[in-house]
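Inspection log for the structure reproduced underneath, given as structure tokens.
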Number of protein chains: 2
Amino acid sequence: MKNLRVQLQVQINEKIYLKDPYSSDLGKKILAESIRLIDSLGLEAFTFRKLAKELGTTESSVYRYFENKHKLLIYLTSWYYGWLEYQLVFSTTNISSAEERLRVAIEVIAKGISYRESIDNFEIDALNRIVVSESSKAYLTKEVDDGNKEGFYGGYKRLVGRISDIALEINPKFENAHTLISTIVEGIHHQKYFADHLPSLTDLEGDTTLLAGFYSDMALAILHKT
Amino acid sequence: MKNLRVQLQVQINEKIYLKDPYSSDLGKKILAESIRLIDSLGLEAFTFRKLAKELGTTESSVYRYFENKHKLLIYLTSWYYGWLEYQLVFSTTNISSAEERLRVAIEVIAKGISYRESIDNFEIDALNRIVVSESSKAYLTKEVDDGNKEGFYGGYKRLVGRISDIALEINPKFENAHTLISTIVEGIHHQKYFADHLPSLTDLEGDTTLLAGFYSDMALAILHKT
DNA sequence: CTAAAATGATAGTAATACTATTAAAGATAG
DNA sequence: CTATCTTTAATAGTATTACTATCATTTTAG
């Protein structure tokens, strides 16, 4: 096993970008800095002009990589879900119990990406926060159907599909696996946001273990009931 | 009982608007037309200029009522949740079984507002769609904490609080009532959206009875398990 | 060393998100 | 019924956003 070096790369749908940001230095800097800026300004106040200024480059250079900030957001969330999928597969192989695998899967979603897992020097905490507070804007738009046809949401769908399969192992007759899992994934994000900003809408305080515990219990309760 | 006439009015936090849209004809037209326009253009492409044009009035007149389109969105969702709260109270009084009340409550959320209930001549279907696809943008913003301090999200919180109370009647020891209910309310909206736009993330096809059934079963499963 | 690719510099346009000012209409009170 | 107060309309203007285009310069790869 010596000298085993794995080049791990999240595969992103090519239609999301104009030019692969991983193909150049500037591209990678655009990703890293946009994570920092979107996190600090919020998606609405974030602009390519501000991004370019932070990077000491020009607007037109940024536009060479992404058509607009919405596509960039889709890129970032796709990257995130791609990474989580890897995380998920990695953490659940060799666990024979489907119930245990479901618990682990939900924990992965609740924990998000952690520092030691990340290869690129993105600010992972910031990316986690972006996913919590901005990711639903990636699909809550009038262009969702076109984007869906182009496969922009494939990463998210695959993740939900994979966990749904685990749920179906637990109860093959359960008819709402996708509904259940997408509810849980969205739920985790919303509860984290509520814990930080609208605490009367939640009982949790942002503790990811408790959060994962709640949703695991809920999933198992309904999977066993039906 | 003859001549019983009730003036039903949803109470809206005064800080949301600059001038009460219910206080004038133009104000009411702004509400009605903005519902139609936001539904057809989406929030991003919706502007006060376009709204004014549709109404045959001017931008500055619209700005006299609302500071910006975000506040207008908050107004519309507050109105919606205020109405739903009334709906909820009305539909659940005189039901002695807490379980049955929870089922009815979830059905109310899933069904949204229906035509015969509406007093103002808003396009109710359009408002229901706006809530599904735009309402989370009302709080997913950098200004959420200020807005929360001003009480902008009171309607939503009260609704969740009320249904949580029903859940607690069923199981007084349940510690995650708010988490459960806000998950369900958000879940209902997301599942409706997924059914229309990202069907592989759901198993339901937009049938509100099935949707309500799923979430009721889920709620009761976890309320009884714990 | 040269060609090709990538970036930088600069400019420009249409639309957005407002604010301000003044004129005209409508309602209301004495 | 007129004076006045409020509301709306008309017009203008500003800073910013969201791009697109062009061309010069630098970097990189063969």
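What's counted below: heavy atoms across the whole structure, side chains too, no hydrogens, waters or symmetry copies. Quick note on labels: first sequence line is chain A, next is B, and so on, each numbered from 1.
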**Q.** Integer-rounded Å distance: D:dT6 P and B:Leu18 CG
**A.** 17 Å

Atom pairs, protein N/O to nucleotides 15-22 of chain C N/O, distance under 3.5 Å:
unit_1 : atom_1 : unit_2  : atom_2 : d
C:dC18 : O5'    : B:Tyr63 : OH     : 3.2
C:dC18 : N4     : B:Glu59 : OE1    : 3.3
C:dC18 : N4     : B:Glu59 : OE2    : 3.4

Q. In chain order, what residues pass the side chain to side chain donor-acceptor pair (under 3.5 Å) check against A:Thr209, with sequence neighbours excluded?
A. none

Q) With sequence neighbours left out, what residues match B:Lys157 under side-chain contact (heavy atoms from CB on, under 4.5 Å)? A) A:Leu198, A:Ser200, A:Leu201, B:Asn148

Q: Provide, to the nearest angstrom, the distance between the NZ atom belonging to B:Lys28 and the P atom belonging to D:dT8.
A: 11 Å

Q: For A:Phe66, enumerate each residue passing the ring-ring contact (aromatic ring centres under 6.0 Å, His included) test, keeping only those at least two apart in sequence or located in another chain.
A: A:Tyr75

Q: Round to the nearest Å and state the distance from A:Leu51 atom CG to D:dT17 atom P.
A: 13 Å

Q) Among all residues two or more places apart in sequence or in another chain, which pass the ring-ring contact (aromatic ring centres under 6.0 Å, His included) test with A:His178? A) none

Are any protein N/O atoms closer than 3.5 Å to N/O atoms in nucleotides 24-30 of chain D? If there are, list each pair with its distance.
none

**Q.** Partners passing side chain to side chain donor-acceptor pair (under 3.5 Å) against A:Asp165 (at least two apart in sequence or in another chain)
**A.** none

Q) Under 6.0 Å between ring centres, would you say that holds for B:Trp83 and B:Tyr80? A) no

Q) Taking CG from B:Asp20 and P from D:dT7, how many angstroms apart are they, rounded to a whole number? A) 11 Å

Q.
Any side-chain N or O of B:Thr57 below 4.0 angstrom from OP1/OP2 of D:dT8?
A. no

**Q.** d(CG, A:Leu55; P, C:dA6) in whole Å
**A.** 18 Å

Q: Take atom CG of B:Asp25 and atom C1' of D:dT8, then tell me their distance rounded to the nearest Å.
A: 12 Å

Q. For the residue pair B:His190 and A:His190, does the interplanar ring angle fall in the parallel (under 30°), tilted (30 to 60°) or perpendicular (over 60°) class?
A. tilted

Q: Quick one: list whatever passes ring-ring contact (aromatic ring centres under 6.0 Å, His included) with A:Phe48, sequence neighbours left out.
A: A:Tyr63

(Q) Please enumerate all residues that pass side-chain contact (heavy atoms from CB on, under 4.5 Å) together with B:Asn68, with sequence neighbours excluded. (A) B:His70, B:Lys71

Q | By side chain to side chain donor-acceptor pair (under 3.5 Å) - contacts of A:Lys53 (at least two apart) | A | none

Q.
A:Gln11: which residues meet the side-chain contact (heavy atoms from CB on, under 4.5 Å) condition with it, sequence neighbours left out?
A. none

**Q.** Rounded interatomic separation in angstrom, taking NE2 from A:His70 and C1' from D:dT17
**A.** 17 Å

(Q) So B:Tyr65, base contact, sugar-phosphate only, or nothing? Heavy-atom distance under 4.0 Å. (A) sugar-phosphate

Q) Rounded to whole angstrom units, what separation is found between the CG atom of B:Leu26 and the P atom of D:dT6? A) 18 Å

Q | Side-chain N or O of A:Thr58 closer than 4.0 Å to phosphate OP1/OP2 of C:dA9 | A | no

Would you tabulate the pairs of protein nitrogen or oxygen atoms and nucleotide nitrogen or oxygen atoms of nucleotides 24-27 of chain C closer than 3.5 angstrom?
none

